[in-house]
Protein chains: 2
Amino acid sequence: MAESGAPTQRESMADRIYQALKEDIFEFRLIPGDKFSESDIAQRLSASRTPVREALYRLEREGYVDVLFRSGWQIRQLDFKQIEELYDLRITLERAAMHKICRLDKPPPALRLLNDIWNPDAPSERAFGSTVRALDESFHCELVAAADNDEMTQVHQRITDRLRIVRRLDFTRPDRIDATYREHAEILQALIANNPGEAAEKMTAHIRTSQEAVKGISLERIREVSQQHRRREPGRP
Amino acid sequence: MAESGAPTQRESMADRIYQALKEDIFEFRLIPGDKFSESDIAQRLSASRTPVREALYRLEREGYVDVLFRSGWQIRQLDFKQIEELYDLRITLERAAMHKICRLDKPPPALRLLNDIWNPDAPSERAFGSTVRALDESFHCELVAAADNDEMTQVHQRITDRLRIVRRLDFTRPDRIDATYREHAEILQALIANNPGEAAEKMTAHIRTSQEAVKGISLERIREVSQQHRRREPGRP
DNA sequence: GGTTGCAATCTTGTATACAAGAAGTCTTTA
DNA sequence: TAAAGACTTCTTGTATACAAGATTGCAACC
């Protein structure tokens, strides 16, 4: 998503730090279990502790880090139960979005736009690798957004962020990419045909298979990927 | 809810301030549109600006206040569209909870406990006024919690907090209280009979009627109630 | 070796100082 | 009277100072 055009004045230092840390987590530069202090971050990002604390507390409330009383901060461990619950919640929201979209007065333009991307008749246009990962994410987010409930969209966005790390580890096998294209197209077909029940069922199945693919992800696998990343672009942890 | 027994050390000043401000909002001591500065709050609560800022930023992210760049803070206006959306989201989550409860291996104990409270056969035990309001809130929260998805429970709790102000203005007419008892009992019956579809439909209808009752709430009405409260317990705004 | 006590260091939580800018006020001028 | 402009005051955003306690490393002792 591009920078929102809001006239909210310049981006604050705290926002910058928040974004930087979140990206550090998504890019495996900070991995579950890593410990650090506010001063570490402040020094690394050339700021004082105040905006760093603001960013960290925000990340804490969103579930990315833990604060240990007078003993530093830690990237929160990936909890399998929590991931399951987030997937369940995601399914609940996206199913509801399917029904809401079909109850709208007129079909949202997003349907046509998405159909252009995921149309199975234009296989030459297919993306791959990290691109299809980003496209998949925006497919789901834009469908929820099309349901026209900002609160739901925000909650869903937060879940999407939270699950991004594990979803990264999917989308490697070509057959999964093929399936993604096929399933997305089918979901859009059902929506365009104004068949919310079928869209919801297909969406559920689609998310569940992705969830299954991700189920085997262990902390070791993440650490492994993290090492690969670190070797490719050496930088401070 | 009583203080959680977590060994999380003492409650921080920032937490205290957060709670105090939230209560000020719920109790109409701070009403939409009110402006104030960090120093105001700090002085009133005998603290420095640092923990006040922490509390305020948390409230901002939860949607209760706005920060005006270098121009103070403001209690966020009640947005009708947002309230509608929150109600919609609430219905989505509680419907999902109905289905999840019926898919559990064994019915959760909460069902029996709630049935003791809302049993229509014991009309003598009925609560009224602010008590029934609190009971209604915990009825819905505990049902969602019984679905055994912590992430969903947390999101639902945040929505419940956010809607508390408008729900306060319901539960005045005795017929609404009667209906609440009847509808809650019916929902529990459907759940105990393992009929998720019926439970979901009855829940939807139940929430919708409460939403309708609240629909006419205007800012003026809130200001009015706020004045009554202020007259009853005079204190600093 | 294993353990205990102590002290130096590090950490967060809170308070305060400073900077850049917004807002309101008061004076001055036509 | 109305408007304009300078100035004072106030506000948040950031940096720094201080306090209480957690952690750790080391030395002394059994």
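In what follows, every chain begins at residue 1, and chains take the letters A, B, ... in the order their sequences are listed.
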For every nucleotide of nucleotides 16-21 of chain C, 5' to 3': is a protein heavy atom under 4.0 Å from its base (B), only from its sugar-phosphate (S), or from neither (-)?
-> BB--BS

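Following rounding to the nearest Å, B/F36 (CZ) and D/dC10 (P) show an atom-to-atom distance of 18 Å. Distance A/Q43 CD to C/dT11 P: 11 Å, rounded to the nearest Å. If you measure from atom CZ of A/R53 to atom P of C/dA15, you get 12 Å, rounded to the nearest angstrom. We find that CG of A/D66 is positioned 13 Å from P of C/dT12, with the value rounded to whole Å. Distance CG (B/L45) to P (C/dA15): 11 Å, rounded to an integer number of Å. Spacing between atom NZ of A/K35 and atom P of D/dA22 amounts to 14 Å, rounded to whole angstrom units. Put simply, CG on B/L68 is 12 Å from C1' on C/dA23, counting in whole angstrom units. Atoms CD1 (B/I17) and P (C/dG13) sit 14 Å apart, rounded to a whole Å.
For the residue pair A/E151 and B/Y87, no side-chain donor N or O sits within less than 3.5 Å of a side-chain acceptor on the partner. Using a 3.5 Å distance cut-off with no hydrogens or angles, the side chains of B/Q19 and B/R16 do not pair a donor with an acceptor. Side-chain polar atoms of B/D161 and B/Q157 form a donor-acceptor pair below 3.5 angstrom. For the residue pair A/E11 and A/Y18, no side-chain donor N or O sits within less than 3.5 Å of a side-chain acceptor on the partner. A side-chain N or O of A/T204 and one of A/R95 form a donor-acceptor pair less than 3.5 Å apart.
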Short N/O separations, protein against nucleotides 7-9 of chain D, under 3.5 angstrom:
none

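Regarding contacts with the backbone of C/dT12, every side-chain N or O of A/Y57 stays at 4.0 angstrom or more from both OP1 and OP2. In this structure, B/S12 does not reach the C/dG13 phosphate: none of its side-chain N or O atoms is under 4.0 Å from OP1 or OP2. Look at A/W73 and you won't find any side-chain N or O under 4.0 angstrom from OP1 or OP2 of C/dT11. OP1 and OP2 of C/dC10 both lie 4.0 Å or more from every side-chain N or O belonging to A/S37.
For the pair B/D136 and B/R176, the salt-bridge criterion is not met [side-chain N within less than 4.0 Å of a carboxylate O]. We find that A/E212 and A/K215 are joined by a salt bridge, their nearest charged nitrogen and carboxylate oxygen being less than 4.0 Å apart.
Taking a pair as Watson-Crick or G-U with both hydrogen-bonding distances under 3.5 Å, the stems of three or more pairs touching DNA chain C are C:1-30 with D:1-30.
Listed candidates were D/dT12, C/dG13, D/dA15. Nearest to the side chain of B/V67 is D/dT12. Checked against C/dT11, D/dG13, C/dG13, the side chain of B/E38 finds its nearest nucleotide in D/dG13.
Of all heavy-atom pairs between A/L68 and A/D66, the closest is CD1-O, 3.7 Å.
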Is there a salt bridge (Lys or Arg N to Asp or Glu O under 4.0 Å) between B/R168 and B/E27 once you walk through the steps?
-> CA-CA 10 Å; B/R168 276 195 74 142; B/E27 299 299 324; 3.3 Å; yes

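In this structure, A/R61 CZ and A/L56 CG are separated by 14.5 Å, a value rounded to the nearest 0.5 Å.
Ring orientation note: the planes of B/H184 and B/F139 are close to parallel, at an angle under 30° on the 30°/60° scale.
A cation-pi arrangement is present between A/R162 and A/Y64, with the terminal nitrogen or guanidinium carbon under 6.0 Å from the aromatic centre and inside a 45° cone about the axis.
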